[in-house]
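What follows is a single structure, written as structure tokens, with notes after it.
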Amino acid sequence: MSLKCLRTHYTNEINTDEDDGKEITMAGWVHEVRDLGGICFVVLRDREGLAQITLVKKRTEPAVLDIARHLPRESIVSIKGNVKVEPKAPGGYEIIPVKICVLNEAETPLPMDTTGKVDAELDTRLDSRYIDLRREENLAIFKIRSEVEKAIRMFFYENGFMETTTPKIVAAATEGGTDLFPITYFNREAFLNQSPQLFKQILMSAGLDRIFEIGPIFRAEEHDTRRHLNEATSVDIEMSFADHEDVMEVLENMIHYIYLHVDENCKDSLKALEIELKIPTLPFKKYTYDEVIEILNNTGELEEQLVWGDDLDTHSEHVLGQYVLETTGEDHYFITDWPTETKPFYAMPYRNKPEISKSFDMMHTKMELSSGAQRCHIYDVLLKQLDAKGLDAENFEFYLKPFRYGIPPHGGFGVGLERLIMTMLNLQNIREAVIFPRDRKRLSP
RNA sequence: GCCCAUGUAGUGUAGAGGCCUAUCAUGGAGCCCUGUCGAGGCUCCGACCCGGGUUCAAAUCCCGGCGUGGGCGCCA
């Protein structure tokens, strides 16, 4: 027997104009049971919403009524019945049940409330994600995240990019800058990769021309903040015969495309989250690093003046974000032309001004979302830059060799997907943007 | 890693030395009730993170541990 007979319709698939009187079967979770004595309402919930099952005492078989009245909340049921158009019912229809099949009874008490009557702390929610996602507004985040990833793929396929997958287990601590998780690989030491960077570039030498990847990255930093994860998702691209200006254009177009797609395709989820999307305006405003330093030093909001060569700390990022928002009304903007020494070795220095590089960060008012650059494709310069960062070229042999046998000028970026979701949906904690987040303290579930 | 805050029923909270046999909501069990509401009414059930200390007396004050939240650093 196929399980198809357990569900003919999702709760949002009833058409009140056509389906009145029709026999249907719905399956899902018992959201609520309200027994008023002579009449009893069971609210059934599935992924798409709620449906009211109405049992009138006088007209319902006692056995069915008895089952309904004693259903523990969140039990799994399949209910066969007839659709009755009823303006009083939420959704405009109710189901008059013929048969209630209890597929799995839930224990009580539940680890947390599913109806929105009682709040739960994030930690409690994450411990019981399977319950947490039964709440519409929490599931909505992941319905949107799914659409964001779909939009990213659509955008890149439409723009001539190939999707790739690169290894997450690597031999060497690649770029420097961040701590890596060491692992045992058979009897050798290995690491979880911090970024697909080096592999993306090798693929430019291979001639793949334009690639993108959506995949996990691992950072062993012991930071513990609302905007950091130890396992995150990176949207990475690399494109050949392109400079940093070309790359920034792709990035802003991608962000714009995603916002439009979500705005168009996630109306219910946005409503559940009470979010009105603010579509960013193209092109994004660009500030050079030099301009940023000057702007920040003129705000009078820094305790200490910045000097050329400083990286921006958290406070500076916030002050700058506010400044940009107030002067342009936009959340998204670029900071370009960073000092070469603040950027990784693979960033391309300007030929006539090697102390600055063809690199950029793409910022949101609240935090950095992306960084990218035109890459250095000149073997000798690359060696020099590795050396300047104190990195040993021998460890990068697998990466460097392709640069000797024909690699086009190229560039790319990486975007933190969770940060994108977080800023888009105004989430207060980045963990809300991951179903099962990994942070300094959390390794389960 | 540093700093600050915090830990009370399944969940979310009140309590700030004795009014604590610990508040309220939600939830669970039971009873009453025929229409949309977070339905309502009544009865009952269920908790002070752990270990020391101060005190006649500790949920409450102190110390340590652990957990959690936030900020910073670092990082994306």
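Because the structure is a prediction, the values reported are computed rather than measured. Lettering follows sequence order; numbering is per chain, from 1.
- Heavy atoms of A:Leu229 sit under 4.0 angstrom from at least one base atom.
- Listed nucleotides: B:G69, B:G70, B:A76. Nearest to the side chain of A:Arg226: B:G70.
- A:Arg73 comes within contact range of the sugar-phosphate backbone alone, with a heavy-atom separation under 4.0 Å but no base atom that close.
- Both the sub-6.0 Å distance and the 45° axial angle are satisfied by A:Lys285 relative to the ring of A:Tyr287.
- Counting only heavy atoms from C-beta on, A:Pro109 has its side chain closest to B:G10 among B:A76, B:G28, B:G10.
- A cation-pi arrangement is present between A:Lys358 and A:Tyr350 under the rule of less than 6.0 angstrom and at most 45 degrees off the ring axis.
- Looking at heavy-atom distances under 4.0 Å, A:Glu86 makes contact with a base.
- When heavy atoms are screened at a 4.0 angstrom cut-off, A:Thr115 is found touching no nucleic acid atom at all.
- Taking atom NE2 on A:His31 and atom C1' on B:A39, their separation rounds to 14 Å, with Å as the unit.
- Inspection of the A:His261 and A:Glu147 side chains reveals an N or O donor paired with an N or O acceptor under 3.5 Å.
- In this model, a side-chain donor or acceptor of A:Lys58 finds a partner on the base of B:U34 within 3.5 Å.
- Counting only heavy atoms from C-beta on, A:Ser371 has its side chain closest to B:A76 among B:U34, B:G12, B:A76.
- Closest approach to the A:Arg431 side chain among B:G70, B:A76, B:G35 is made by B:G70 (side chain taken as heavy atoms from C-beta onward).
- Between A:His256 and A:Phe155, the distance separating the two ring centers is not shorter than 6.0 angstrom.
- When distances run from any side-chain atom of A:His318 to the nucleotides B:G35, B:C72, B:C75, the shortest one goes to B:C72.
- Among the heavy atoms of the strands lying under 4.0 Å from A:Arg440 are primed sugar atoms or P, OP1, OP2 only; no base atom is included.
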